[in-house]
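Data block below; observations after.
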Number of protein chains: 2
Amino acid sequence: MQTGSGDQAARRPHTGRRRNEAARRAILDVVVDLIGRDDDAPVTIDTIAAAAGVGKQTIYRWWPSKGAVLLEAMTERADLDIPPPDTGTLAGDLETFLRATFHLAGQATMARLLRKVMVEAQLDPQMGEATRSFLARRRSALRGLFERAAERGETASGTDPDLLVDQAFGVLWYRILVGHAPLTEASATELAGALTAQAVRRAPGEPG
Amino acid sequence: MQTGSGDQAARRPHTGRRRNEAARRAILDVVVDLIGRDDDAPVTIDTIAAAAGVGKQTIYRWWPSKGAVLLEAMTERADLDIPPPDTGTLAGDLETFLRATFHLAGQATMARLLRKVMVEAQLDPQMGEATRSFLARRRSALRGLFERAAERGETASGTDPDLLVDQAFGVLWYRILVGHAPLTEASATELAGALTAQAVRRAPGEPG
DNA sequence: TCATTGCCGAGACTAAGAGTCTCGTCAAGT
DNA sequence: ACTTGACGAGACTCTTAGTCTCGGCAATGA
């Protein structure tokens, strides 16, 4: 997500008062705090601004929409907390990655944040694009695990890594949005095992 | 979704003007028509009422919210168009079911309808419950295929049908909501093959 | 046939929330 | 000191869901 109108800095040197980084942090932190509360307090621009001790215009100076603020709060945490693992085997990599992912996304606050971001992505095309781009990074991280396994000769040819990736993130998002089943780390492990087998499985007659 | 206040009929015989079934049909049809249009015309209660030639109150007399109308329009089509198949093998059943499901959900109008319903489900707890209940029916239909295969002794013990089901619908919803990849029938077939193998796979040492 | 009941279309109205605009203030550069 | 632009505050517009009210009309029962 673009952070404000920094492009005019290219034309002339900056003068005047500088942006308040503390306000930026307060806004992002307040979003997570408000969403995390048990009472279903409304997370509106007004409540965010009030709780952060900030004017509404300060929010819109830094982000193009409310959804963009939510997305950045989410992105900060997701990109930080789930680095791609390297255990040496596909099974190990997958289990590590999926357990960490399910653990993070399964926390109540994060789950609610994800839901809200996905809603905004459906409502506003610009948010849709930004969200798609974030999710592409996550998919790419997971696909990398399969590709590395392929380079090691660990997987069968002809398996479609994109489908494997969508099966994994599909379960995650489907459960978060529908809420019929929790995102447990046990299910992450089970899923990792299934996807490993799916990637490794040989076509009939293919040498192993 | 409950259809209006029919419960007072239990107390005394109905008198007065009856509900207009034509208006009900017009409303549901107009919703699909509006959503299907290429121009992203707003699908609001006002535009629905106007296009259906109906007063807004008539909509709210029959449905508790706008989301409920969308959900019913969706439900009508989904329950109708995807009967559980019975080809005799898990592989055949799965492929038939998933191809039909992906085909229906992959149509532009249906996909947009699904997106809107999912958004409403996130925004309104009552809609969340109603949507969850619809999706539970779809999951149950798919899980039935696995359970029948298990009764035939076709699948391995210890595979979790709920995870298999969530992988299938997960891919569907993830792709619909994120929009990074289309829902092709080819991918349905590939997914059916993968899930079949997952269900049939034997644990090491388990007799086949 | 005629009164009662309750749905009908129409549209005014309320409430909530996203995003804009303005104002007086304050801080960073020149 | 002066200029520039971010700051908090809050009034304002706009959209949209949902409610309320009205006169009209259709089905029932006496």
Side-chain angles (χ1 to χ4, degrees), chain A residues 3-9 11-27 30-31 34 40-71 116-117 119-127, chain B residues 3-9 11-27 30-31 34 40-71 116-117 119-127:
Chain A
T3 293
S5 52
D7 43 337
Q8 53 81 296
R11 287 192 277 277
R12 53 187 145 113
H14 182 274
T15 62
R17 186 175 181 172
R18 300 308 176 78
R19 282 183 171 158
N20 182 357
E21 187 62 27
R24 180 187 136 90
R25 272 258 52 85
I27 291 164
V30 149
V31 161
L34 282 177
D40 42 354
V43 183
T44 68
I45 286 290
D46 286 84
T47 60
I48 294 170
V54 139
K56 294 168 62 173
Q57 194 57 48
T58 299
I59 297 179
Y60 284 106
R61 216 186 331 266
W62 290 60
W63 293 277
S65 66
K66 173 183 139 178
V69 184
L70 301 181
L71 179 61
K116 283 181 192 295
V117 166
V119 165
E120 297 295 332
Q122 306 305 312
L123 264 28
D124 169 11
Q126 216 174 323
M127 269 299 294
Chain B
T3 293
S5 52
D7 42 338
Q8 52 81 295
R11 286 191 278 277
R12 52 187 146 113
H14 182 276
T15 63
R17 186 173 181 173
R18 302 308 176 77
R19 283 182 169 155
N20 183 356
E21 188 62 27
R24 181 188 135 89
R25 271 258 55 82
I27 291 164
V30 150
V31 161
L34 282 177
D40 44 356
V43 183
T44 68
I45 286 291
D46 285 85
T47 59
I48 294 169
V54 138
K56 294 168 62 174
Q57 195 56 49
T58 299
I59 297 179
Y60 284 107
R61 202 175 293 118
W62 291 60
W63 293 276
S65 68
K66 173 182 140 181
V69 184
L70 302 180
L71 179 61
K116 283 180 191 296
V117 166
V119 165
E120 297 294 333
Q122 307 305 313
L123 264 29
D124 168 11
Q126 215 174 325
M127 270 300 294

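Proteins come first, then strands; the chains are lettered A, B, ... in the order of their sequence lines, and each starts at number 1.
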If we only count heavy atoms from C-beta on, is the Gln126(A) to Ser65(A) side-chain gap below 4.5 Å?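 No, every pair of side-chain atoms sits at 4.5 Å or beyond.
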Is any side-chain N or O of [X] closer than 4.0 Å to OP1 or OP2 of [N]?
| X | N | answer |
| --- | --- | --- |
| Thr44(B) | dT16(D) | no |
| Arg19(A) | dC7(D) | no |
| Arg18(B) | dT28(D) | yes |
| Trp62(A) | dC7(D) | yes |

If you find the nucleotide of DNA chain C closest to Asp124(A) and the one closest to Glu21(B), which residue's nucleotide is nearer the 5' end?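 In this pair, the answer is Glu21(B).
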On DNA chain C, check which nucleotide each of Ile45(A) and Thr58(B) is closest to and give me the residue with the more 5' one.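 Its nearest nucleotide lies further toward 5', so the answer is Thr58(B).
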Under the 6.0 Å and 45° cation-pi test, does Arg19(A) pair with Trp62(A)?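 Judged by the rule, Arg19(A) and Trp62(A) form a cation-pi pair.
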Separation between NZ of Lys116(B) and CG of Leu71(B), rounded to the nearest 0.5 Å: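 Rounded to the nearest 0.5 Å, the NZ-CG separation comes to 14.5 Å.
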Going from CD1 on Ile48(B) to CG on Leu70(B), what distance comes out if it is rounded to the nearest 0.5 angstrom?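 One gets 6.0 Å once the value is rounded to the nearest 0.5 Å.
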Suppose we call a contact any N or O donor and acceptor under 3.5 Å apart; does that hold for the side chain of Lys56(A) and the base of dG19(C)?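 Indeed there is one.
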Measure from the side-chain heavy atoms of Gln57(B) and tell me the nearest of dC7(D), dA10(C), dA18(C).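 Nucleotide nearest to Gln57(B)'s side chain: dA10(C).
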